[in-house]
Each structure stands twice: as C-alpha cells, then as structure tokens.
Amino acid sequence: MINKYNPLKIEKKWQNYWEKNQIFKAKDFSKKKKFYCLDMFPYPSGEGLHVGHPHGYVATDIISHYKRLSGYNVLHPMGWDAFGLPAENYAIKNGVHPSISTKKNIKRFKEQIKSIGLSYDWSREINTTDPSYYKWTQWIFLLLFKRGLAYEAILPINFCPSCKTGLANEEVIDDKCERCGTKVVKKNLRQWVLKITAYADRLLKDLDGLDWPEKIITMQKNWIGKSEGWQIKFKVLNSNLDIEVFTTRLDTIFGCTYLVLSPEHPLINNLKDKILNYNLVKKYIEEAINKTERERISEVKEKRGIKLEGIKAINPANNKEIDIFIADYVLSYYGTGAVMAVPYHDQRDFDFAKKFDLEFIKVIKPEKESDIKEAYEGEGVLINSGIFNGMKSFVAREKIGEWLLKKNLAKKTVNYKLRDWIFSRQRYWGEPIPIVHCNKCGIVPLSEKDLPLKLPKIKKYQPSGTGESPLATIEKWVNTKCPKCKGPAKRETNTMPQWAGSCWYFLRYVDPKNNKKIFDYRKGKYFLPVDLYVGGVEHAVLHLLYSRFWIKVLYDEGIVDFKEPFLKLRNQGLILASDGRKMSKSLGNVVNPDEVIKKYGADSFRVYHMFMGPFDQPVTWQTKGIKGVRRFLERVYNASDKVKKVKTKNKELEKLLHLTIKKVEEDIENFRFNTAISSLMVLLNKMEKEKEIDIKHFSAFLILLSPFAPHLSEELWQKLGNKKSIFFYKWPKYNSLYIKEEKTTFIIQVNGKVRDKIEVEYNISEEEAKKIALSQDKIKKWIDNKDIKKIIFVPNKLINFVV
RNA sequence: GCCGAGGUGGUGAAACCGGAAAACACGUUAGCUUCAGGAGCUAAUGCUCUUUUAAGAGCAUGUGGGUUCAAAUCCCACCCUCGGCACCA
C-alpha cells in the first residue's frame with residue numbers, strides 16, 4: 001500500500017494553525033480549575049537540542065493536553081535560563097557579546113522545540129538575561145538583604161581555576177568543578193553569602209507533604225543533614241578558656257580520653273604562648289589548610305594530627321585531665337570545629353588513638369560482646385561511667401546532658417550539614433548584585449527605583465583570575481554615588497550565580513510582562529503553585545533546594561501564599577546514546593532531533609520517546625526503533641479510510657475501547673506512557689480487522705491518541721468532518737457497563753501447573769467450574785484416578801486441583 | 001562504608017494488591033507483493049527434549065534457600081549493575 005501519511009506536510013500546517021489561533025494560551029482568570037504544568041527551563045547552549053532533551057517536555061505536553069481535554073485551564077509555559085559560563089567563554093574566544101550569542105541560541109532552541117509541536121503558551125516566554133526579568137531577581141536579592149539573609153564574608157571557598165570563579169558547595173563534585181571538571185582550589189575571597197541555614201529546619205520539615213520521588217527527598221534530607229545532640233564545655237587547664245564540642249553520643253563521655261580541634265580552630269591562636277611545640281603545630285596547620293577537602297577525605301584511613309604539648313583540658317564528666325590534639329579529620333565548619341574523642345566507641349577516634357597510642361576506656365557494654373578490632377559504635381549499657389553505670393545508653397544521653405546542664409557545662413543543640421550558600425561569582429555574564437560600597441556608609445543596597453541595575457557592555461570578558469569580576473575593570477560603571485550619602489562609592493562587581501534566575505522563574509510566567517510588580521498577586525493566587533514539575537534528577541540539591549529556600553523567604557514576606565513551590569515532581573530518565581554512554585559532543589554520539597523529525601515526523605518522535613520504556617528510567621536511544629511507532633501512525637492514517645457512519649455490532653470492540661479509555665487515562669496520570677501507547681496499539685490492531693470502523697469508535701480513539709500524536713490526530717479529526725480543533729473536545733468517558741465481563745477465560749491447574757483453559761460464563765460458581773473442569777479430557781488425564789486432596793477456586797480466574 | 005533504584009527472550013520491555021511469564025514493539029525467518037531498492041501484507045519466533053510431530057513433555061524472570069495449592073511478585077542470605085552521599089563528631 002502506498003503511504004499517504006506525510007508528517008512533514010501536516011505537522012507544519014497544524015503547528016501554524018495552533019499558533020495563529022492561540023489554541024494553547026492559558027487564560028489569566030477562568031472559572032475552570034487551573035493546572036500548572038512546568039518543565040525545567042533549559043540553558044540555550046550553542047549546540048542546540050539533542051535527542052534526549054525533549055524527553056521530559058514530551059511527557060509534560062501529553063499531560064497538558066490530557067488535562068485540557070479533561071476540562072482544566074492549563075498553564076504550560078517555556079523560557080530560557082540564559083545566564084551562565086558557556087556564553088561568556090564563547091565571547092572570550094570569538095569576541096561576540098553574550099547577549100548576541102544568547103539571542104541566536106534561543107532562536108535555534110525555540111525553532112527546535114516548536115518543531116516537536118509542544119503546546120507551550122509562547123505568549124508567556126521569559127528570559128533570565130532580559131533586564132526586565134532580572135530586575136526582579138535583583139529585587140529579591142534586596143529583599144534577602146533587607147531580611148538579613150544576604151551578607152558579606154571573607155571565606156576560604158572552593159575556586160575553579162579554569163572558570164576563574166568561586167563556587168557553591170553544591171557545585172563541587174568530588175573536588176571538581178561541576179561545570180568543567182577542573183580540580184578546585186581553596187581561596188580566601190570576599191563573598192556574598194545567603195543564609196540558607198536559617199531555613200534548614202523548614203526546608204527539612206516541609207519535604208514531608210510533597211509528592212516527590214523518594215530519592216530526591218532523601219538526597220535533600222541527607223544534604224541538610226540534621227543531627228541532634230549536646231554541646232559540651234571542656235575547661236582548659238590553668239586558663240579561663242573553654243573548648244566546646246558537639247556530640248550526639250554524650251553517653252560515651254566517660255570514655256573521652258582526649259580532644260581534637262580542627263586546624264582552623266580559633267582557640268589555637270589564643271593558646272599560642274602556652275603551646276610548647278607551637279612551631280611544629282603551626283607547620284602542621286599550614287599544611288592542612290592548604291589541602292582541599294577531597295585531599296583530606298582521601299586520607300581517611302591514615303589519620304594525621306599533632307598533640308598540643310603543654311596544655312590539657314578537663315573532662316567535665318570525670319574531671320580527668322586529658323590531652324588536646326589538632327587533626328585535619330575534624331572539620332572546622334561542622335559543629336564547633338572540635339570533638340571529644342572516644343576511642344573505644346568511634347571508629348575515627350579509634351584509628352587515631354591507635355596511631356598515637358592513646359588510652360582506650362570502654363564505657364558501653366554491647367548486648368553481644370565482640371572483639372576489639374574496631375570501635376563499638378552501637379547502643380548498650382553504661383560501664384565505667386560513675387553514677388550512670390547500668391543505665392541504657394539512649395537514656396544516659398539525656399541524663400548526662402541534664403546533669404551537665406545543671407553545672408552549666410552543656411546545652412542541647414541541633415547541627416546541620418547544610419552550609420550557607422556562596423552566592424557571588426567573579427564573572428561577567430550574570431545578574432549584577434545591586435549593592436554599592438561606600439567609604440562612609442559601608443554596604444548600601446540600591447533602592448528599588450534604581451532597578452534593574454543593568455549589566456554594562458564591555459569589550460574584555462576575560463576574568464582576571466585574581467578573584468575580581470571583569471566588571472571591576474570598567475571604572476565608569478564601578479564608580480558611582482552612594483545612594484545614602486551621595487558621596488563617592490564603588491559598585492559591587494561580583495555577579496550572581498547561574499542558579500539565581502531559576503529560583504523564582506515559575507512565578508514570572510503567571511504575569512511575565514508586569515513592570516510594576518514581580519507579578520500580579522491575583523494572577524498568582526489563581527495559578528500558583530506549580531502542580532507538576534518535570535526535569536532532570538541532577539538538580540536534586542541545587543536548583544530544587546535553592547528555589548524552595550527563596551519561596552519560603554517570599555512566603556515570609558507575604559508575596560506568595562504557599563510554602564512549597566512544586567507540589568508534584570517527576571524526574572525523567574537519562575537518554576543514553578546507542579553506545580550506552582551519555583550523549584555528548586566530545587564523544588561524537590549525539591543524535592540531532594532535527595534529522596529524526598525530518599525523516600520520521602514529530603509525532604513519531606514524540607510517541608517513540610514515550611514508548612521506549614518507563615519514563616523515569618535511563619534508556620538508550622535507537623533511532624531505528626522509531627520505525628515501529630512510525631508504522632503504527634501510518635496504520636492509524638490508513639485506518640481512517642475505513643471510518644463510516646455505521647453502528648458496529650462488535651461487542652468485543654466496544655468493550656476494548658472502554659477498557660482502553662480507562663487504561664490510557666490511568667497510565668497518563670501515573671507516568672506510564674509506554675503502556676498507554678501499547679494499549680492504543682492493541683485497540684488499533686483490533687479496529688483494523690473491521691471492514692468498516694464506527695466513526696464513534698475512531699473519534700474516541702483519536703482523542704486518546706491526540707496528546708501523544710497531536711498533529712496526526714488533528715489532521716484525521718478534520719478529515720472526519722469536524723470543524724474545530726480536536727483540543728476543544730472532551731476526553732471520552734469510559735462506561736463501566738461496557739467493561740462488564742460476560743465470558744471469561746478460565747484456567748484449570750493441576751498441582752499449580754496450567755493444564756487447560758476454557759471459556760466460561762462470568763461469575764461461574766465453584767461447583768459448576770469443577771464439573772466442567774473435570775469433564776475436560778486433558779484434565780482427566782492428569783487427575784487420572786488419583787485422589788483430589790484440595791480444590792482452590794479463584795472466582796473468574798482459575799481452579800486448581802491438588803492431587 | 002552508608003542510603004536509594006534495578007537485574008525478565010536476540011533487543012526495548014509488559015505483567016509486580018501471589019493466580020496464563022514474555023502484552024506491545026524492534027529484530028530474525030519463510031511466503032506474497034514490487035522493474036528494482038525500500039516499503040507493505042500474511043505467518044512463525046523463550047530454551048531443550050520426544051515419531052502422541054495438525055502433538056506432547058520438561059526447563060525458564062541474577063544466584064541459593066524458604067513460605068504457599070500456586071512466587072518475576074512475599075521472606076532470608078548472597079552476587080552483579082547504576083545513581084547519590086561520604087572523616088558530619
């Protein structure tokens with residue numbers, strides 16, 4: 001048969017039609033219920049889309065269509081997260097201003113995305129690099145500043161020598177820059193820091209109500225890393241100084257035989273004169289500080305440290321004099337930067353004490369005795385612990401705490417792994433931080449009316465590498481007047497990190513052109529928060545955590561009335577190249593969607609994406625695999641020739657249709673697109689067998705298909721004589737009457753093995769089933785003249801004879 | 001080391017509230033169709049064994065055990081793959 005299906009022609013036609021008639025525009029106010037369906041917006045890179053990018057976009061598009069057909073007013077927008085290093089690097093290399101290359105890249109991305117026929121409301125498109133957008137990013141920064149959540153600090157931070165900028169902790173993976181893979185170095189830099197730690201507890205607690213993948217929730221919980229314990233004061237002998245430590249195992253304090261301070265601990269400087277071996281100590285500290293975190297961690301097995309000769313501390317539990325060490329396994333930024341060491345009951349202390357031949361005291365008796373090859377870190381009963389002997393360890397923790405509290409030596413404390421967010425970057429292509437430095441007034445924020453503070457055009461983008469942004473070289477821009485005293489002042493030259501614009505972009509889609517307010521609150525009240533958010537798992541502790549933080553601040557400020565931005569989150573699986581590796585330009589295994597769409601059509605592209613496998617699992621892209629879905633769509637096209645205004649008498653088909661409606665509906669809701677498509681295939685296979693296809697059946701089928709293959713469905717919908725777009729119609733309702741079974745295939749087992757199948761009336765009784773089953777020749781043979789010991793009957797499923 | 005996900009035909013996978021393992025596709029083979037290439041249509045397709053051969057039987061869901069009339073599905077132990085975290089006191 002000649003294929004009349006010509007996707008190239010019909011797809012362009014319908015894309016134009018949808019755009020011209022604004023079919024997918026979300027209404028600002030509507031009596032309909034809203035559904036906010038959001039994709040993580042892309043960074044428009046110079047390479048354009050590869051075949052894997054739109055995986056999530058196709059899924060949200062299917063859901064958006066499905067929700068519209070089910071009567072919702074759907075907000076389904078798209079935009080560009082366009083600040084970032086690649087554009088700047090490109091500018092350095094080719095001298096093209098980032099705003100120009102960004103514009104070009106966006107154009108290309110938009111064309112590619114449009115060619116897939118995704119139903120975005122393009123009237124709401126946003127771009128984070130647009131001053132009318134980043135005005136509001138800066139506005140939020142001022143808000144953070146006003147609330148004391150943005151502060152300046154000189155910190156030893158992770159610095160990428162290749163990108164020549166400081167990085168957030170979240171951006172450092174295995175000691176390497178998340179972007180370029182270069183090993184980071186420690187650098188003391190003046191930084192803007194956001195106090196995300198002030199929200200640690202709320203960021204943790206509010207995870208509970210979210211419909212998010214368990215994995216992401218766990219990752220965020222681990223990243224925040226809450227632990228509850230006690231902070232204990234150890235007095236330094238012959239001085240008025242204290243060393244405070246944090247512990248979650250106060251029950252082991254009687255076993256504490258020394259203290260360990262981190263190399264960065266400030267107390268060391270105060271004790272300088274008393275430390276007899278200060279020169280050696282100083283040398284050790286210098287070495288330790290120059291190591292990166294990873295280097296310290298990689299020496300996990302080999303504990304290093306040095307004893308502070310000449311000074312001792314007092315264990316407040318038993319008043320014993322104990323030694324003090326410095327060791328790099330103690331982290332300055334966690335807890336108090338000092339630990340009480342209990343060699344017998346902590347593996348790290350155990351390793352350290354072995355190496356330095358220190359005293360071990362056993363204070364917890366485990367239920368089962370074990371050998372002393374390693375520390376016992378479990379629970380048990382206290383021994384060698386004075387008045388607490390015999391107490392269970394989990395009780396003793398509190399009792400010892402209360403006892404020391406009375407002596408003013410302890411307080412209950414909660415510690416988090418989460419650290420404040422290093423927020424400034426020494427780069428050009430980012431939002432300028434709206435702050436000036438005045439000799440007289442200090443740090444002064446710009447006022448709202450001075451926003452946006454536009455990024456000046458410059459000729460040299462090259463970062464200095466000294467920790468200054470390229471902006472620092474533009475004197476005309478840097479030198480300004482203090483908003484407060486009108487005296488001479490200098491602008492902040494650091495820019496905001498990549499993540500700033502994406503923290504709040506979904507709010508702006510609600511009212512993207514508003515230049516008076518961040519958005520109209522009435523519009524926000526209707527559309528927000530986001531009902532469904534789909535994107536890659538790689539943002540688990542970056543974008544998703546930062547964004548939650550900002551939304552909570554906006555909530556506290558009364559700008560939004562919800563505490564969590566994304567109610568439901570789903571992650572798409574990674575699309576791997578056919579060699580099983582990640583698609584990347586450098587590996588040369590990238591498949592370009594343009595070519596696939598040109599050859600097979602956008603509908604085939606969409607359907608194949610969803611048919612490949614479970615949505616959230618990684619799959620390898622096999623372009624030839626797309627043939628199967630292309631054939632399916634061709635057969636749909638050909639079947640439309642057989643559609644007549646006939647009333648079918650095929651009860652089976654009627655039933656299958658209603659089962660399919662139910663199945664597709666449930667599968668879409670549950671992100672099981674692959675099985676939704678296969679059930680549509682099954683229905684088509686059945687309909688194809690008919691001489692004439694009932695127009696009612698085919699119409700319903702087309703609506704079920706339309707979220708997946710919108711162009712073809714629209715084309716055939718028109719061919720059936722409908723005047724309006726298919727997307728103005730209603731999702732078919734399945735009727736449980738049709739689904740009702742009349743006959744069923746009944747399985748007969750002997751000893752649990754299937755021996756025969758029979759067609760029987762639905763709801764057949766056990767007695768009857770037994771009678772029929774036993775009369776079957778095949779069954780007789782198996783039962784023979786053995787005794788039937790037991791009969792298991794499962795209604796409408798099977799009967800099992802145990803002989 | 002800790003946490004999480006997963007392991008089913010030649011391939012992608014389905015079934016996973018215990019009840020027909022392999023739906024739906026890809027690929028392969030044979031036949032038809034076509035000037036040819038491609039495409040299409042029809043049928044077969046987990047493995048092994050057996051003259052009950054237009055059929056029958058056995059074995060099959062990472063490995064080994066267990067529960068059950070019945071296990072891919074539940075329980076225990078182990079192996080492997082992938083992802084995350086990792087000296088957090």
Side-chain angles (χ1 to χ4, degrees), chain A residues 1-3 173-174 213-223 225-227 229-230 245-250 252 260 262 293-294 296-301 303 327-331 333-342 345-349 351-352 377 415-419 537-538 540-541 573-574 607-608 611-614 616-622 624-632 634-635 638 672 674-685 745-757 778 781 789-794 796-803:
Chain A
M1 194 189 291
I2 301 152
N3 290 313
I173 293 162
D174 278 350
E214 203 50 50
K215 181 184 169 167
I216 304 284
I217 291 185
T218 309
M219 280 168 76
Q220 289 215 354
K221 281 187 178 166
N222 291 342
W223 190 262
K226 182 178 181 174
S227 60
W230 291 85
V245 303
F246 172 74
T247 179
T248 55
R249 289 302 300 272
L250 189 51
T252 64
V260 192
S262 71
E293 263 172 60
R294 190 84 236 188
R296 287 208 204 171
I297 288 164
S298 65
E299 289 155 9
V300 155
K301 289 277 168 283
K303 294 276 180 294
D328 62 4
Y329 80 85
V330 177
L331 307 169
Y333 49 81
Y334 186 77
T336 61
V339 299
M340 60 173 224
V342 185
H345 300 289
D346 181 284
Q347 193 56 45
R348 293 155 300 173
D349 301 338
D351 295 341
F352 190 83
E377 293 183 332
N415 253 306
Y416 298 93
K417 284 206 268 187
L418 186 71
R419 285 182 264 169
V537 72
E538 66 274 16
V541 287
L574 197 65
V607 176
Y608 178 59
F611 187 62
M612 278 193 285
D616 57 353
Q617 271 172 43
V619 275
T620 49
W621 178 271
Q622 307 282 358
K624 56 183 181 179
I626 208 171
K627 272 186 187 170
V629 296
R630 169 66 194 253
R631 282 205 271 253
F632 165 64
E634 273 167 17
R635 288 193 290 121
N638 294 339
R672 291 192 298 244
N674 52 336
T675 49
I677 292 164
S678 81
S679 69
L680 287 169
M681 287 172 169
V682 171
L683 180 59
L684 179 73
N685 290 348
T745 312
F746 203 75
I747 289 152
I748 310 169
Q749 298 181 333
V750 179
N751 287 342
K753 287 214 153 68
V754 179
R755 294 303 176 189
D756 204 4
K757 302 159 203 175
K778 284 183 189 166
K781 201 180 80 185
K789 284 192 196 144
K790 200 173 171 188
I791 296 170
I792 288 110
F793 175 77
V794 184
N796 298 317
K797 279 243 167 85
L798 57 81
I799 188 160
N800 185 11
F801 299 100
V802 185
V803 297

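Chain letters run A, B, ... following the sequence lines, proteins first and then strands; every chain starts at 1.
Regarding A:Q622, its CD atom lies at a distance of 13 Å from the C1' atom of B:A13, rounded to whole Å. When rounded to the nearest whole Å, the span between NZ of A:K226 and C1' of B:A89 equals 18 Å. Rounded to an integer number of Å, the gap from A:I677 CD1 to B:C26 P is 14 Å. Put simply, CG on A:L798 is 11 Å from C1' on B:G18, counting in whole angstrom units.
With P as the reference atom, B:C41 and B:U34 are 16 Å apart, rounded to whole Å. The gap from the C1' atom of B:C74 to that of B:C17 amounts to 12 Å, rounded to the nearest Å. When the C1' atom is used for both B:C85 and B:C69, the distance is 46 Å, rounded to whole Å. One P atom belongs to B:U67, the other to B:A72, and the distance between them is 16 Å to the nearest Å. Taking atom P in both B:C2 and B:A15, one finds a spacing of 33 Å when rounded to whole Å. Comparing B:U29 with B:C47, their P atoms sit 15 Å apart, to the nearest whole Å. B:A55 and B:G37: their C1' atoms are spaced 42 Å apart (whole Å). When the C1' atom is compared between B:C3 and B:G62, the two are found 22 Å apart, to the nearest whole Å.
Within the 4.0 Å cut-off from OP1 or OP2 of B:G27, at least one side-chain nitrogen or oxygen of A:K627 is found. Listed pair A:K215 / B:A5 fails the phosphate criterion, with no side-chain N or O lying under 4.0 Å from OP1 or OP2. At the phosphate of B:G40, neither OP1 nor OP2 sits under 4.0 Å from any side-chain N or O atom of A:R635. At least one side-chain nitrogen or oxygen of A:R631 sits closer than 4.0 Å to the OP1 or OP2 atom of B:G27. Contact annotation: A:R755 does not reach the phosphate of B:G56 (side-chain N/O to OP1 or OP2, under 4.0 Å).
Within the 4.5 Å cutoff, the side chain of A:I799 has no heavy atoms near those of the A:I792 side chain. Residues A:Y333 and A:R419 are in side-chain contact: their nearest non-hydrogen atoms beyond the backbone lie under 4.5 Å apart. Side-chain atoms of A:S227 and A:N415, non-hydrogen and from C-beta on, do get closer than 4.5 Å to each other.
A donor and an acceptor atom, one from each side chain of A:N638 and A:E634, are nowhere located under 3.5 Å apart.
In this structure B:A55 sits in a base pair with B:U50, meeting the Watson-Crick or G-U test at under 3.5 Å. The base-pairing partner of B:A13, taking Watson-Crick or G-U wobble contacts with both distances under 3.5 Å, does not exist among the strands shown. Under the Watson-Crick and G-U wobble criteria, each requiring two contacts below 3.5 Å, nucleotide B:C69 is paired to B:G19. Applying the Watson-Crick and G-U wobble criteria (two distances, each under 3.5 Å), B:G83 pairs with B:C3. Nucleotide B:A77 has B:U63 as its partner under the Watson-Crick or G-U criteria, with both atom distances under 3.5 Å. Remark: B:G38 base-pairs with no nucleotide; criterion is Watson-Crick or G-U wobble with both hydrogen-bond distances under 3.5 Å. Partner assigned to B:C88 is none, using Watson-Crick or G-U wobble distances below 3.5 angstrom. In this structure B:A43 sits in a base pair with B:U29, meeting the Watson-Crick or G-U test at under 3.5 Å.
At a cut-off of 3.5 angstrom, the base of B:C26 holds no donor-acceptor pair with the side chain of A:K624. Interface remark: the A:N800 side chain does form a donor-acceptor pair with the B:C69 base, using a distance-only criterion of under 3.5 Å. Contact annotation: side chain of A:Q749 to base of B:G19, donor-acceptor pair present below 3.5 Å.
Each of A:M340 and A:G625 was assigned the nucleotide of RNA chain B with the nearest heavy atom; the assignment lying further toward the 5' end belongs to A:G625. Positionally, the nearest nucleotide of RNA chain B for A:T620 lies more toward the 5' end than for the other of A:T620 and A:M681.
Nearest nucleotide to the side chain of A:V802, out of B:A89, B:A20, B:C69: B:C69. In this structure, the nucleotide among B:G19, B:A14, B:C3 sitting nearest to the side chain of A:P614 is B:A14. When the nucleotides B:A21, B:C41, B:G83 are ranked by their closest atom to the side chain of A:V754, B:A21 comes out on top. The side chain of A:K790 has B:C69 as its nearest neighbour among B:C69, B:G19, B:G84. Residue A:Y333 has its side chain nearest to B:C88 when only B:C87, B:C88, B:A14 are considered. Ranking B:A20, B:C69, B:A15 by closeness to the A:T675 side chain, first place goes to B:A15.
An anti base is found at B:G10: its glycosidic angle is more than 90° from 0.
The aromatic rings of A:F793 and A:F746 are tilted relative to each other, their planes meeting at an angle between 30° and 60°.
Counting non-hydrogen atoms under 4.0 angstrom, A:K797 reaches the backbone sugars and phosphates but no base. Contact annotation for A:N674: backbone-only contact, meaning every heavy-atom pair under 4.0 Å involves sugar-phosphate atoms and none involves a base. Contact annotation for A:V339: base contact, defined as any heavy-atom pair under 4.0 Å involving a base atom. Heavy atoms of A:N685 sit under 4.0 angstrom from primed sugar atoms or phosphate atoms, though from no base atom. Note on A:V619: only backbone sugar-phosphate atoms sit closer than 4.0 angstrom, heavy atoms only; bases stay farther off. A:V682 comes within contact range of the sugar-phosphate backbone alone, with a heavy-atom separation under 4.0 Å but no base atom that close. Using a 4.0 Å heavy-atom cutoff across all strands shown, A:F611 reaches at least one base atom of the nucleic acid.
Judged purely by atom type and a 3.5 angstrom limit, A:D756 has no side-chain atom pairing as donor or acceptor with the backbone of A:I748. Using modelled atom types, no side-chain atom of A:R631 and backbone atom of A:I626 make a donor-acceptor pair closer than 3.5 Å.
A cation-pi geometry, defined here as NZ or CZ lying under 6.0 Å from the six-membered ring centre and within 45° of its normal, holds between A:K303 and A:Y329.
The structure places CG of A:L418 at 12.5 Å from CG of A:N222, a figure rounded to the nearest 0.5 Å.
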